Amino acid sequence: MRLFTAVYPPREVLEHLDLALGGVGGPSASAPGSGLRWVPSAQRHVTLAFHGEVPDGAVEDYVDELATVVARAAPFETALVGSGTFGGRTLWVGVGGEVDRLRALSHEVARAADAVGIAGADRAGGRPHLTVARVSAARRGRDRHGRGRGAPRETDPATPFARWARALAVYRGPTWPVRTVHVVASRLGAGRSGGPAHEDVAVLPLG
């Protein structure tokens, strides 16, 4: 199965972010435009490690190893802060608070994956973030090959991503305590609008 390990903000934090997105995006916050796709609120997370395809038989070993690692880490506080884009294709919100502890946790998660022989790229060691929206593969291809005349390119300042990132640069959400780590299975194309469907494999408490 396709697997990743992540931290999920609580509902009130996600609702606060949705209000901020509505405030800066107006009507386009509910319909960002052709070829632009929101990540469903319930799927918004801070990735600690991405594992890719993992044999079913290795998942239990990983969860057992990770449970030991996570149990050694005390809960800590963080918040969603600021925003930006990756190459104009992804809109993200950054992470503040006890970021050093989040990065240390991400590093330990990657080590746990390595210990049982699965991939585990450390995703929060550099710039931890929560992805909010993406440009669809179809639009990326259309822009790359110059089709769709009249549609703004993904890096055009007129696209919502650039405008929203600028408006959300000063955003700061409520602080929340990180108390659990989620191991999540992702099934591509099985979710809404052709996006992935996520399902918890394990939820492991810190401390």
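A quick note: this is a predicted structure, and the numbers were derived from the prediction, not measured.
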TODO: Name the orientation class of the two ring planes belonging to His129 and Phe86 (parallel below 30°, tilted from 30 to 60°, perpendicular beyond 60°).
DONE: perpendicular

TODO: Mind jotting down which residue pairs meet the side chain to side chain donor-acceptor pair (under 3.5 Å) criterion with at least one end in residues 70-82? Sequence neighbours excluded, please.
DONE: none

With a 4.5 Å heavy-atom cut-off, do [X] and [Y] have their side chains touching?
X	Y	result
Thr90	Val135	no
Pro128	Val99	yes
Tyr171	His16	yes
Leu48	Leu105	yes
Pro9	Leu130	yes
Val183	Leu3	yes
Ile118	His51	yes
Trp164	Leu91	yes

TODO: Hey, could you give me the CZ/CG distance between Phe161 and Leu36, rounded to the nearest 0.5 Å?
DONE: 4.5 Å

Open item on the list: To the closest 0.5 Å, what do you measure between NE2 (His182) and OG1 (Thr47)?
Closed with: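 Rounded to the nearest 0.5 Å, the NE2-OG1 separation comes to 12.5 Å.
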
Open item on the list: Using salt bridge (charged side-chain N to carboxylate O under 4.0 Å, His left out), reason through Asp100 and Arg103 one step at a time and then give a plain yes or no.
Closed with: CA-CA 5 Å; Asp100 286 347; Arg103 289 178 175 139; 3.7 Å; yes

In terms of hydrophobic clusters joined by side-chain contacts under 4.5 Å, are [X] and [Y] together?
X	Y	answer
Leu168	Trp92	no
Val63	Val109	yes
Val81	Leu17	no

Open item on the list: Between Leu102 and Val178, does the side chain to side chain contact (heavy atoms under 4.5 Å, CB included) criterion hold? Intermediate values first, please.
Closed with: CA-CA 9 Å; Leu102 178 69; Val178 176; 5.5 Å; no

Task: Arg101 side-chain N/O to Ala74 backbone N/O, donor-acceptor pair under 3.5 Å - done: yes

- [ ] State whether the side chain of His45 and the backbone N or O of Gln43 hold a donor-acceptor pair below 3.5 Å, judged by distance alone.
- [x]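 A pair under 3.5 Å: yes.
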
Task: Members sharing Phe4's hydrophobic cluster (side chains within less than 4.5 Å) - done: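 The other cluster members (ILVMFWY side chains, heavy atoms under 4.5 Å, direct or chained) are Tyr8, Phe50, Val184.
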
Task: Arg111, CZ atom: more than 12 neighbouring heavy atoms under 6.0 Å - done: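 Not more than 12 within 6.0 Å, no.
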
Task: Salt bridge Asp18-Arg44, side-chain N to carboxylate O under 4.0 Å - done: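 Yes, Asp18 and Arg44 are salt-bridged.
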
